[in-house]
Amino acid sequence: MSTVLLLGAGASAFSGPCEPRNPPLGTKLFDELVALGGVAARIDSPLAEAFRANFESGMAAYRTQQNNDVAPFLREMAKYFVQFRPRPNNLYLRLINELGAMRSSTVFATLNYD
């Protein structure tokens, strides 16, 4: 028997202790990416405001307007997200431990960019 888990956006922000802190929700994510000085920092104002209002809508508009830059932007997000690590008592760690104890195969699917 297999277990399939579908994780949605925002779960990490509320998963419990993380290092160096919990990842931001989409409403704060864009400004954190801009602060890196890379691709996000070069996005023009109307599109930047779309990201700030709703990250997923901003990403859809970005893909339509800047399709050639999507891969570099996703790599930038991956580099940003790699800094976050769950600490003891994080719900992700608890979930993984519980699933491991079940000894069944598990498939993880996510709606997140990371």
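It should be emphasised that the depicted structure is a prediction, and the values quoted were computed from it without experimental measurement.
- Atom-to-atom distance recorded for Arg63:CZ and Asp69:CG is 13.0 Å, nearest 0.5 angstrom.
- Closest approach of Gly58 to Leu47, counting heavy atoms only: O-CD1, 3.9 Å.
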Can you list the steps and then say if Glu32 with Arg21 is a salt bridge (Lys or Arg N to Asp or Glu O under 4.0 Å)?
-> CA-CA 13 Å; Glu32 297 219 7; Arg21 58 188 162 66; 2.7 Å; yes

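- For the residue pair Phe84 and Pro24, the shortest heavy atom distance occurs at CZ-CD, 4.1 Å.
- Remark: the backbone N or O of Tyr80 is paired with a side-chain donor or acceptor of Gln83 at under 3.5 angstrom.
- Between Phe73 and the options Gln66, Met59, Arg42, a side chain to side chain contact (heavy atoms under 4.5 Å, CB included) holds for only Met59.
- One distance of note links CD1 of Ile96 with CG of Leu91; it measures 11.0 Å at 0.5 Å rounding.
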Begin from the C-alpha positions of Thr27 and Arg52 and carry the test side chain to side chain contact (heavy atoms under 4.5 Å, CB included) through to its verdict.
-> CA-CA 5 Å; Thr27 55; Arg52 287 182 180 105; over 6 Å; no

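- Leu25 and Leu29 fall into different hydrophobic clusters, defined by Ile, Leu, Val, Met, Phe, Trp and Tyr side-chain heavy atoms under 4.5 Å apart, directly or through other members.
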Please lay out, stage by stage, how Tyr92 and Ser12 fare under the test side chain to side chain contact (heavy atoms under 4.5 Å, CB included).
-> CA-CA 8 Å; Tyr92 280 127; Ser12 299; 3.3 Å; yes

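- Across all their heavy atoms, Ser15 and Asn90 have their closest contact at OG-ND2, 2.9 Å.
- How far CD of Glu19 is from CZ of Arg87: 5.5 Å, rounded to the nearest 0.5 Å.
- Closest approach of Asn22 to Gly16, counting heavy atoms only: ND2-O, 2.8 Å.
- The distance from atom CD of Glu56 to atom CZ of Phe51, rounded to the nearest 0.5 Å, is 9.5 Å.
- Atom CG in Leu74 sits 10.0 Å away from atom CD in Glu76 (nearest 0.5 Å).
- No donor-acceptor pair closer than 3.5 Å links the side chain of Ser57 to the backbone N or O of Ala53.
- Here the closest non-hydrogen pair linking Pro23 and Phe81 is CB-CE2, 4.3 Å.
- Two residues are said to be in side-chain contact when any heavy atoms from C-beta on lie closer than 4.5 Å; Ile43 and Phe30 meet this criterion.
- With values rounded to the nearest 0.5 angstrom, Leu33 atom CG is found 12.5 Å from Lys79 atom NZ.
- For Asn89, the CG atom is loosely surrounded, since the number of other residues' heavy atoms within 6.0 Å does not exceed 12.
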Take Thr3 and Val107 through the side chain to side chain contact (heavy atoms under 4.5 Å, CB included) test and state the conclusion after the steps.
-> CA-CA 6 Å; Thr3 301; Val107 175; over 6 Å; no

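- Closest approach of Ala41 and Val34 over heavy atoms only: CB-O, 3.7 Å.
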